[in-house]
Amino acid sequence: MATANGAHLFNRYGSNSRFIHFTSRNTTSKLFLTKTSHYRTPNKRSFHLNNTLTDKIHHPITEQGGESDLSSFAPDAASIASSIKYHAEFTPVFSPERFELPKAFFATAQSVRDSLLINWNATYDVYEKLNMKQAYYLSMEFLQGRALLNAIGNLELTGAFAEALKNLGHNLENVASQEPDAALGNGGLGRLASCFLDSLATLNYPAWGYGLRYKYGLFKQRITKDGQEEVAEEWLEIGSPWEVVRNDVSYPIKFYGKVSTGSDGKRYWIGGEDIKAVAYDVPIPGYKTRTTISLRLWSTQVPSADFDLSAFNAGEHTKACEAQANAEKICYILYPGDESEEGKILRLKQQYTLCSASLQDIISRFERRSGDRIKWEEFPEKVAVQMNDTHPTLCIPELMRILIDLKGLNWNEAWNITQRTMAYTNHTVLPEALEKWSYELMQKLLPRHVEIIEAIDEELVHEILSEYGSLDLNKLEEKLTTMRILENFDLPSSVAELFIKPEISVDDDTETVEVHDKVEASDKVVTNDEDDSGKKTSVKTEAAAEKDIDKKTPVSPEPVVIPPKKVRMANLCVVGGHAVNGVAEIHSEIVKEEVFNDFYKLWPEKFQNKTNGVTPRRWIHFCNPPLSAIITKWTGTEDWVLKTEKLAELQKFADNEDLQNEWREAKRSNKIKVVSFLKEKTGYSVVPDAMFDIQVKRIHEYKRQLLNIFGIIYRYKKMKEMTAAERKTNFVPRVCIFGGKAFATYVQAKRIVKFITDVGATINHDPEIGDLLKVVFVPDYNVSVAELLIPASDLSEHISTAGMEASGTSNMKFAMNGCIQIGTLDGANVEIREEVGEENFFLFGAQAHEIAGLRKERADGKFVPDERFEEVKEFVRSGAFGSYNYDDLIGSLEGNEGFGRADYFLVGKDFPSYIECQEKVDEAYRNQKRWTKMSILNTAGSYKFSSDRTIHEYAKDIWNIEAVEIA
C-alpha cells in the first residue's frame, strides 16, 4: 500500500498508469499497473502489479511456430513512463519526496531490467532444455562501462526511453550519466572480455562469463600536485540496479588444511579455512535478439554461525569478525598489491575462488542437465572453458581434483577430460605477466592442488623424454628446464638417474690454500705467466717449494644461492589445455617462435591466432551517434552494425565532398563535447579546431607515454625558440590528451603520470604558446571517458616498443571512429595498417625482429643517442617543468646496463623517427581534404576488427559451439 507521500509521485507525473507491452516474435509479456476502483480513505491509494505472459515462450524443442519481426518489441513512451514511475515508488532506494537524477536513473534501469528479465529467463530455459554445448569465459576482469544506454540500445528502445524521461522532466543523457562505471576491470584485458560477452549474446552463442564482484574495484584515480592518488571506487555504495543476487547459488571454497589418505585409498583435503562464494548475475543483452546471457560474479562470505558472538561480547570485536573479514576481503580489490606475503596470498585466494566457484557451478549445471545419466566422458562435449590469460590457471588442477576426489574418476579419465575442456588465451610476452607462483606459498594455501600439479609435471617430463630422448643430455636438460611446470626442482626420481654425472673424488669440503711465510733469497718465484684462459699465474721453482714453511688455512666455499621454487602458470595452461591462442598475428608468431617455442615444436596443433576485436555497437553505434547516422546514410542500411564488412562500402565515397563535409561536422560536434568535459574535469580550456592527439591506456613503460611526452617537450622547446609568426607557420595547433592508471605500486609509472601533469601545467599556462599547444591528463580514465574521447580524436598514439604489445583494442576503437593512428609495427597495429592502407597510418620506429639486436648494441656501449633527445633531457633537468627531481625517470633512459637503466624500451632509439613522423602528421593535417579522406578510409578499413568476427572464430576453432536463437 502506498503512502500519501508515495502517491505524490504519481500525481506529479500523471495519474494514468499504463501497461508496458513487450512483444518479441511469439512472446508477448505485459507489465502493468492498475488502480483499484475502491478507496478505504480519500488520501490513500492502492496499486496492484500484474505481470503476465500472454503466450508461452517458444523455442525449437517445444514447438515449431512462426516468427514475428523483432521490430514489434517496441513499447511506447507512455507505458515506459508508467514503468519508471512504478519503480520509483515500489522499488525504492531513495526517499519518496523527490524524483531527482539519481532516483530517475535507478527507476529507469529497473524498468529496463524488467524487459531484460523476460528475455533472460527465456534464454535460461532454452539452454536448460536443449542441453547444448556451452562456452564459459573466465576472466579476472570485465570492464563493462555503463550499462543503461547499451541495454536500451540493444533492445532498440533508445527513442522511447528518451521520450518517456522527457515527459517525466528529465533528459536521457543526464539520467545515464548518473550511472557509475562498474569497477570490475582496468585495461584491455577486461574491455576485451566485455566486448566478447556482447558479441556472444548478439550472435546467439550459448555462453556465460565468470568473474569476481570487486567491491572497491582497482581504484579511483585522482590527480593532485603530487601526481596520482588512489582512492577506493564507490560503484556499489548504493547498490547496482542490474545485478541479481542468487541466494540459492553458492559453493564452498577451502584454503590451507592438509591432505590425507582415507581407508578407501582416496586423497582427502581436510581442515583449513572454509568460506562460500555467492553468485550475483548481471544480464548481457544481445543486439536485435532475445538472447540475454549472464555474467556471473562471485562474492565471498562466511555463514553467520562463523561470527564469534562470545568474543564480541567479551570486547574482542576484531577477533569476533575475523572469519567474515578474511572472506570478504577476497573480493575487495582488483589486483591487490602483492609486494607483501599477505598480498600474494590474497591474490592467489582470488584466483582460486574464481576457478573453484565457477567450475563447481559448471559441473552442477552439467549434472542437472544430464539427469540420471551422467557420462563424464561427455563433459567436454557440453562444456568449453576459456581461460583469459593466466589468472584462471588453477581451473586445471581444480577440475582434476573435483573429478578424481569428488566424482571418483581415475587419473587418466580426469586428465583426458580436463585437456579437452580447457583452452588458454595468452595476452602478453612480458616475463612478469607470465605468472609464477611461489611453490611454498601455493603448497601452504592449496596443498591438494600442488600434489596434482606435481603429478602433471612428472607426466610432462616423461612425455618430453619420450619425444626427445635421443637428444644429447645437455640439450634434453635445456628442454626440461624450459618446459617444466615446476621451476628450480630436481627431476622426478623415475628419470633422475639419466642425468647423473660422474663424481669427482674430493678429500674435503674445504679448499686448502698454502701461505708462504718465508722464502730464501736465492729461491726464485716466477710470476706473470698466463694460462690458457689469459689469467696470470704463479710458478715456483722446486727448490723454493721445498723450503717453504707451510701454514694451511681452511677457507669456506662461497655459499650456494638456492633459487626459489616456482610454479609456472603459463606452462601449466599450455600443458593442461587443448588450445593456446595469441591475440594478433604478430603476437601469435612471437608466442610460437619465442615464448612457447619448445611447446609449439612438441604440439604445433594446439597453437592458433585469434586477432582481438571490439563491439561495433558500443564503440560506434551508441557512443558516436553522429558518425553512426552518416555511415547508415552512405551505406544505405544499418546492417553494418551487425555485418561490419559493409563499412568497406565507404571507400567508394571517400573523395565525395558532401560526405567529407558531414564527416568533419560530426567530428567537430564530438570535439565540442570533449571541450566541455575537459574544462569540467581539469579546469583547462581548449579549442575544438585544434588537432586532438590522444593516448589513453594503462600507464606502463613499454606503452611509452614517456616517448609521447618527450616529443611534446621537443615541440614546446622549438616553439619557444621561434617568433609568434614562425610558430603559426611551422606548427598545427594540438591538444595532447593523456589518460590511464598507473598501478599503485609501480613507482616508475607513477613518476610518468607526475611528469605529464607537470609538463601540462607549464605549457598550459604559457601565454606565448596559447592555444597552439595544450597538454591535458584526464583523471580516472574509464570506459565512459573513452566513449567521449575516442569519437572526438583526430590522431591516436599506439607507440609501444615493437614486439611487446600483444594486440591492443583501443587502436581498433579509434580506427572505427575515423581516427588516424601513429604507431609502431606492434600488436594489432600491423593488421590495422594493412586494412586501412599504409598511406593512412603514420608508421615509425624499430621493428620487432630488430629489438634484441638493438638492446645488445646498447649493452655493448655502441648506441649513440640523437642530439635532439639529449636536448630534451637537458631541458627537463634545467627545471623548466618545476622543481621535482626527475633524475630517476630520466636515468632509466641512460647507461648501458643495470636494472631500471639502459633504456630497455628504446625510447631514445625511436625518438628521432617519432618526431620526424610527427612532422608528417602536421603536414597531413593542414590539408583537411586529405586528412578527412584518411579518416573515412580508417573507418572503412576497420571492419575486420569487430569482436563478432573474433567470436565466430573462437566458436568454430576452439569451443565447437553452435548458435541457438531464442524464438
key: Crowding at CZ, F842 (>12 non-hydrogen neighbours, <6.0 Å)   = yes
query = Which residues pass the ring-ring contact (aromatic ring centres under 6.0 Å, His included) test with F710, sequence neighbours left out?
reply = F869
inquiry  = With a 4.0 Å cut-off on N to O distance, would you call E916 and R868 a salt bridge?
reply    = yes
request  = Take F142 and I284 through the test side-chain contact (heavy atoms from CB on, under 4.5 Å) and record every step on the way to the result.
outcome  = CA-CA 12 Å; F142 286 92; I284 309 294; over 6 Å; no
ask   = Is there a donor-acceptor contact under 3.5 Å linking the side chains of K610 and Q608?
value = yes
query = Does L893 reach the side chain of D903, with side-chain heavy atoms less than 4.5 Å apart?
reply = yes
message = I'd like to check F622 versus N154 (side-chain heavy atoms, cut-off strictly below 4.5 Å). Are they in contact?
response = yes
W931 side, atom CH2; D794 side, atom CG - distance, nearest 0.5 Å = 6.5 Å
request  = Kindly determine whether R734 and V921 satisfy side-chain contact (heavy atoms from CB on, under 4.5 Å), including the steps that lead there.
outcome  = CA-CA 11 Å; R734 285 204 199 197; V921 171; 3.6 Å; yes
request  = Quick one: closest heavy-atom pair of V732 and M691, and the distance?
outcome  = CG1-CE, 4.2 Å
request  = Determine yes or no for a side-chain-to-main-chain donor-acceptor pair under 3.5 angstrom, with T632 supplying the side chain and S628 the backbone.
outcome  = yes
note = Contacts of E141 meeting side chain to side chain donor-acceptor pair (under 3.5 Å) (sequence neighbours excluded), chain-then-number -> Y335
query = Do any N or O atoms from the side chain of N817 and from the backbone of I790 form a donor-acceptor pair under 3.5 angstrom?
reply = no
remark   = Value for NE2 (H621) from CG (L149), rounded to nearest 0.5 Å, stands at 12.0 Å
inquiry  = Within this structure, what is the CG-CZ distance for the pair L773 and R715, rounded to the nearest 0.5 Å?
reply    = 6.5 Å
note = In this structure, CG of L172 is separated from CG of L148 (nearest 0.5 Å) by 6.5 Å
note = Closest non-hydrogen contact found for A940 with Q651 is CB-CG, 3.5 Å
inquiry  = I'd like to check the side chain to side chain donor-acceptor pair (under 3.5 Å) partners of N661; sequence neighbours left out, ordered by chain and number.
reply    = R664
query = Under the side-chain contact (heavy atoms from CB on, under 4.5 Å) criterion, do L678 and Y684 qualify, and how do the steps go?
reply = CA-CA 6 Å; L678 294 180; Y684 290 132; 5.7 Å; no
ask   = Does any non-hydrogen side-chain atom of L789 lie less than 4.5 Å from one of V674?
value = yes
task = Report yes if some heavy atom in the side chain of Q918 is under 4.5 Å from a heavy atom in the side chain of Y914; otherwise report no.
result = yes
message = I need the minimum non-hydrogen distance between R704 and F905, along with the two atoms involved.
response = NH1-O, 3.0 Å
inquiry  = Does K909 have more than 12 heavy atoms from other residues, nucleotides or ligands lying within 6.0 Å of its NZ?
reply    = no
key: Main-chain N/O of L155 paired with K288 side-chain donor or acceptor, under 3.5 Å   = no
request  = For side-chain contact (heavy atoms from CB on, under 4.5 Å), just list the numbers for D910 and I799, CA-CA rounded to whole Å, side-chain angles, deciding distance to a tenth of an Å, and then say yes or no.
outcome  = CA-CA 10 Å; D910 279 351; I799 57 177; over 6 Å; no
key: Pairwise salt bridge (charged side-chain N to carboxylate O under 4.0 Å, His left out) hits with a residue in residues 175-197, at least two apart   = R146-D181
query = Where the side chain of T932 meets the backbone of Q928, is there a donor-acceptor pair that is under 3.5 Å apart?
reply = yes
key: Closest approach of P285 to A201 (non-hydrogen atoms, all atoms of both residues)   = C-CB, 3.9 Å
task = Look at the side chain of D693 and the backbone N and O of V735, then say whether any donor-acceptor pair between them is shorter than 3.5 Å.
result = no
Tabulate below the donor-acceptor pairs under 3.5 Å that side-chain atoms of residues 818-826 make, not counting sequence neighbours, or state none.
from, atom 1, to, atom 2, distance (Å)
Q821, NE2, N811, O, 2.6
T824, OG1, S800, O, 2.7
D826, OD1, G803, N, 2.6
D826, OD1, M804, N, 3.2
D826, OD1, E805, N, 3.4
D826, OD2, S800, OG, 2.5
D826, OD2, E805, N, 2.9

query = Which pair of heavy atoms, one from Y137 and one from A193, lies closest together, and at what distance?
reply = CE2-CB, 3.7 Å
ask   = Do the charged groups of E953 and R949 touch, with an N to O distance under 4.0 Å?
value = yes
ask   = S892 side chain to L889 main-chain N or O, any donor-acceptor pair under 3.5 Å?
value = yes
key: K718 NZ: over 12 foreign heavy atoms closer than 6.0 Å   = yes
key: Flag, side chain of N612 to backbone of S807, donor-acceptor distance under 3.5 Å   = no
request  = Answer whether the closest heavy-atom distance between the side chains of K681 and V785 falls below 4.5 Å.
outcome  = no
ask   = Restricting to pairs with a member in residues 771-782, which pass salt bridge (charged side-chain N to carboxylate O under 4.0 Å, His left out), not counting sequence neighbours?
value = K741-D780
message = Heavy-atom count check: over 12 atoms from other residues, nucleotides or ligands less than 6.0 Å from K720 NZ?
response = yes
task = For the residue pair S139 and F196, establish whether any side-chain heavy-atom pair is separated by less than 4.5 Å.
result = no
message = Any side-chain to backbone donor/acceptor pair from N938 onto M934? Under 3.5 Å, distance only.
response = yes
task = Can you tell me which residue pairs pass the salt bridge (charged side-chain N to carboxylate O under 4.0 Å, His left out) test with a partner in residues 617-633, sequence neighbours excluded?
result = D198-R617, R617-D948, R618-E787, K633-E662
request  = Return yes if some donor-acceptor pair links the side-chain N/O of T939 with the main-chain N/O of M816 below 3.5 Å, else return no.
outcome  = yes
inquiry  = According to ring-ring contact (aromatic ring centres under 6.0 Å, His included), who are the partners of F653, at least two apart in sequence or on a separate chain?
reply    = W634
message = Applying ring-ring contact (aromatic ring centres under 6.0 Å, His included), can you list everything that pairs with F814, at least two apart in sequence or on another chain?
response = H798
query = Under the 3.5 angstrom rule, does the side chain of K754 hit a backbone N or O of G227 as a donor-acceptor pair?
reply = no
inquiry  = To check you understand the geometry: which heavy-atom pair defines the closest contact between A846 and A802, and what is its length?
reply    = O-CB, 3.3 Å
ask   = Under 30°, 30 to 60°, or over 60°: which ring-plane class applies to F875 and F881, parallel, tilted or perpendicular?
value = perpendicular
key: 4.5 Å side-chain heavy-atom contact, F755 and I713   = yes
key: Partners meeting ring-ring contact (aromatic ring centres under 6.0 Å, His included) with H427 (sequence neighbours left out)   = none
note = Residues pairing under salt bridge (charged side-chain N to carboxylate O under 4.0 Å, His left out) where one sits in residues 639-658, two or more places apart or in two chains, turn out to be D655-K933
message = Are the side chains of N186 and F743 in contact, using a 4.5 Å heavy-atom criterion?
response = no
message = Give me each pair satisfying side-chain hydrogen bond (donor to acceptor under 3.5 Å, both in side chains) with a member in residues 837-848, each pair once, sequence neighbours excluded.
response = none
